[in-house]
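See structure below.
Each chain gets a letter, A, B and so on, in the order its sequence line appears, and its residues count up from 1.
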Amino acid sequence: MVVRLDRRQFTQTMGAGLAATAWGLGPVRAADKTITVLNWQGYGTDEKFAVKKFQEMTGYEVKHDYYNAEPEMLTKLRTNPGAYDVAILNTARDSQAQAENLIDAIDLTKVPNAAGLADTFKTHPNITIDGKTYGVPWVWGMNALAVRRDKVTGVDSYNVFTDPAYVGRCALFDDAVTGIAMAALLTGQNINNPADMKKIGDTLKTFKKNVKLLWSSEDEWNKAFGGGAFDISVYWSGAVARSQKLHNLAVDFLIPKEGAIGWLDNLCLPATSTKKEQGLAFINYMIDPKFYVDWVTGSGAPASANSAAMNELPATDLNRQIHKPEYLSKIQFMGTLPDDRRQAYNDLWEEVKAYYAHS
Amino acid sequence: MADTATGATLPQPSRGGWRILALLAPAYGWLLLTVFLPLCAMLVFSFLKTTPFGSRQPLVFTFKNYLAFVDRPYLVNVAWTSLQLGLWTTGLCAALGLPAAIALARATRGRTRQVLFLLTILPFWTNGLVRVFSWTMLLREGGLLDQAVHLVWPGAGSLSLLYSFPAVVIGLVHAYLPYMILTCYLSVVGIEDGLIDAARSLGARTPAVFTTVILPLCLPGLVSGAILIFVPVIGAFMEPRILGGRIGVTMGTVIEDQFTSAYNWPLGAALSFTMLAAVLVIFAAFSGVLRKRLAVA
């Protein structure tokens with residue numbers, strides 16, 4: 001449909017638009033039946049079927065705003081009060097958001113589907129602050145080792161990155177937090193607050209001969225592994241299932257004896273939301289086993305924090321096989337990093353990369 | 001705005017002068033807006049302590065970011081890698097581009113020249129990322145290059161250039177060669193046949209004609225080509241990241257990391273301006289020599 005506006009109409013419309021914006025969209029928003037979700041693009045909440053289903057169930061339309069980096073997400077929450085009704089946060093960011101009063105505590109009894117959540121997640125230290133719960137655990141995954149089936153056997157430690165048998169046959173994820181966490185696991189330290197950063201740097205530097213490349217996207221990983229560039233790599237649990245299923249790659253996922261690096265995303269209620277009831281309803285739908293199964297079968301998803309949802313998947317499902325409940329005890333989850341520590345991680349990682357590059 | 005400001009300092013421009021100003025103003029206004037303003041913003045950022053978006057803390061100014069090379073000595077190695085990439089790429093582009101330009105300008109005519117020209121600038125028509133990824137197919141172990149070598153010499157060991165310094169240079173030369181060919185071509189095409197005939201009639205053989213007549217006259221093209229190539233190459237991050245593997249850490253990738261994963265815009269901005277200063281110093285050091293040579297040419 002083409003709408004033609006003459007100059008006066010245009011000015012009036014623009015003026016009205018500006019006025020509405022200046023009023024913080026208050027009067028307009030109160031009347032409309034929409035909720036706005038802040039999330040990564042293409043990450044579950046914006047699945048077409050889900051948006052449609054939620055509107056059928058509640059009469060509320062789900063709109064989205066996206067972020068491309070976690071700091072950007074926090075910035076949006078800070079600078080657009082009232083704009084969001086649900087926000088998806090990496091739980092490692094919860095305490096920061098809570099400290100700035102950006103998110104509200106949630107009463108899990110008002111989220112019926114939360115009954116099925118695994119205990120590890122329901123009471124996870126990342127989301128529990130001063131005895132209150134600040135997010136509903138949604139999906140999780142691990143970073144551990146992916147190895148080429150039939151070619152690599154007997155690997156049970158991150159020490160494989162210094163094994164002379166695999167010189168030039170390994171790859172690392174180009175991510176400061178993951179790199180430092182792996183070395184922390186290897187040196188028996190807390191991944192979120194290692195006491196000896198120098199030891200971590202030295203450990204990572206010993207990987208030099210084995211490291212062939214540092215990858216930064218799943219697509220790049222699949223291309224390089226498919227092309228035979230490396231046999232062993234740090235990789236994401238959810239991506240392994242996709243590499244097997246969609247790219248027919250002979251890859252296996254394993255968790256070394258030192259453990260895996262876990263991440264957990266949760267659904268939070270922005271403190272300035274004006275539709276908290278509908279926000280909670282959406283959160284409840286997001287952890288509904290039925291939604292999860294549709295998401296997994298439709299476009300693929302990480303592991304659900306809801307045990308009831310995981311149990312709905314067929315026993316043969318790759319996602320279910322990779323994310324075994326018994327692994328949960330071997331995972332250290334990424335936790336809160338204060339800004340200066342995060343900066344120290346980035347600096348050390350940059351230094352390690354420069355060391356790898358310099359012949 | 002630009003018109004009146006310039007007009008005030010110049011003698012009253014003639015009708016033609018106004019026309020020139022009118023033609024120039026949009027381009028220069030656009031450049032002012034899209035290059036100068038963001039650069040100014042980045043300059044301010046480079047003196048900040050933290051990335052200034054949405055933070056509740058008041059802005060804190062610091063010079064610390066400009067001490068990066070002191071605080072982080074490993075950056076010197078990274079800068080050296082970038083410099084080497086710049087020198088190799090520019091050198092290879094000159095070595096390949098100048099002969100191609102001479103051949104295009106002096107040995108081709110009409111349609112042949114048009115087709116050859118088209119082939120030269122063809123890489124510009126495809127997306128840079130696509131070009132770099134197609135190189136990964138060629139250079140990897142068992143890739144097209146490897147297969148071609150084995151076709152000629154079946155006993156050869158496997159050839160894998162991917163994830164190495166040469167791979168990055170190859171990718172960069174591919175991306176920037178057309179600039180060198182085009183700038184050299186403009187120089188070569190301006191050389192009058194009479195000059196070469198004169199040299200020959202005075203007894204110069206081909207090598208002497210090349211070194212005493214053609215090369216000096218091509219110098220302006222070579223220099224502008226080198227500047228056009230060297231500057232972006234030392235800041236390149238896409239080719240090193242995709243083709244370099246472990247080796248591919250350059251000033252470009254370090255700066256990119258500050259803007260994306262580390263979210264430390266001030267440090268990224270300070271590193272960019274440090275690099276800009278280094279490039280200007282290099283050019284200033286060479287400009288005296290160049291000006292003399294170009295004046296001769």
| request: Could you tell me whether Trp40(A) atom CH2 has more than 12 heavy atoms of other residues or ligands within 6.0 Å of it? | output: yes
| message | For chain B, which candidate among Gly228(A), Pro71(A), Ser216(A) shows the most heavy-atom pairs at distances under 4.5 Å? | response | Pro71(A)
| said: For the OH atom of Tyr263(B) and the CG atom of Leu74(A), what is their distance to the nearest 0.5 Å? | reply: 9.5 Å
| Greatest number of heavy atom pairs closer than 4.5 Å to chain A - which of Arg72(B), Glu141(B), Arg241(B), Gln258(B) | Arg72(B)
| message | Would you say that more than 12 heavy atoms from the other residues, nucleotides or ligands in this model lie under 6.0 Å from the NZ of Lys205(A), or not? | response | yes
| request: Answer with side chain, backbone, both or neither: which region of Ala224(A) has an atom nearer than 4.5 Å to a non-hydrogen atom of chain B? | output: both
| query | Going from NZ on Lys212(A) to CG on Leu162(B), what distance comes out if it is rounded to the nearest 0.5 angstrom? | reply | 7.5 Å
| Hey, what do you get for OG1 (Thr50(B)) to CG (Asp340(A)), rounding to the nearest 0.5 Å? | 12.0 Å
| remark: d(Asp257(B) CG, Asp347(A) CG) to nearest 0.5 Å is 11.0 Å
| query | How about Phe173(A): does its CZ atom have over 12 heavy atoms from other parts shown lying under 6.0 Å from it? | reply | yes
| field | Partner chain A: residue of Pro240(B), Gly142(B), Ala262(B) with the largest heavy-atom pair count (under 4.5 Å) | value | Ala262(B)
| field | Nearest-0.5 Å distance, CD of residue Glu351(A) to OH of residue Tyr74(B) | value | 6.0 Å
| task | Tell me, for Glu220(A) versus chain B, whether the close heavy atoms (under 4.5 Å) come from the side chain, the backbone, both or neither. | result | side chain
| query | Checking heavy atoms, do the side chain of Lys223(A), its backbone, both or neither come under 4.5 Å from chain B? | reply | side chain
| Which region of Ala176(A), side chain (C-beta onward) or backbone (N, CA, C, O), has a non-hydrogen atom less than 4.5 Å from a non-hydrogen atom of chain B, or is it both or neither? | neither
| field | Pairs of heavy atoms under 4.5 Å with chain A: top-ranked of Asn77(B), Thr260(B), Thr81(B), Val249(B) | value | Asn77(B)
| task | Side chain from CB out, backbone as N, CA, C, O: work out which of these in Leu75(B) comes under 4.5 Å of a heavy atom of chain A, or both, or neither. | result | neither
| note | Cut-off 4.5 Å, heavy atoms of chain A, and the answer for Phe165(B) is neither
| Near Asp130(A) CG, under 6.0 Å, is it more than 12 heavy atoms from other residues, nucleotides or ligands? | no
| field | Heavy-atom donor-acceptor pair, Arg246(B) side chain to Tyr356(A) backbone, under 3.5 Å | value | yes
| Non-hydrogen atoms of chain A under 4.5 Å away: do they reach the side chain of Val78(B), the backbone, both or neither? | side chain
| field | Neighbour count >12 (heavy atoms, 6.0 Å) for atom CZ, Phe230(B) | value | yes
| field | CD1-CG distance between Ile242(B) and Leu213(A), expressed to the nearest 0.5 angstrom | value | 11.5 Å
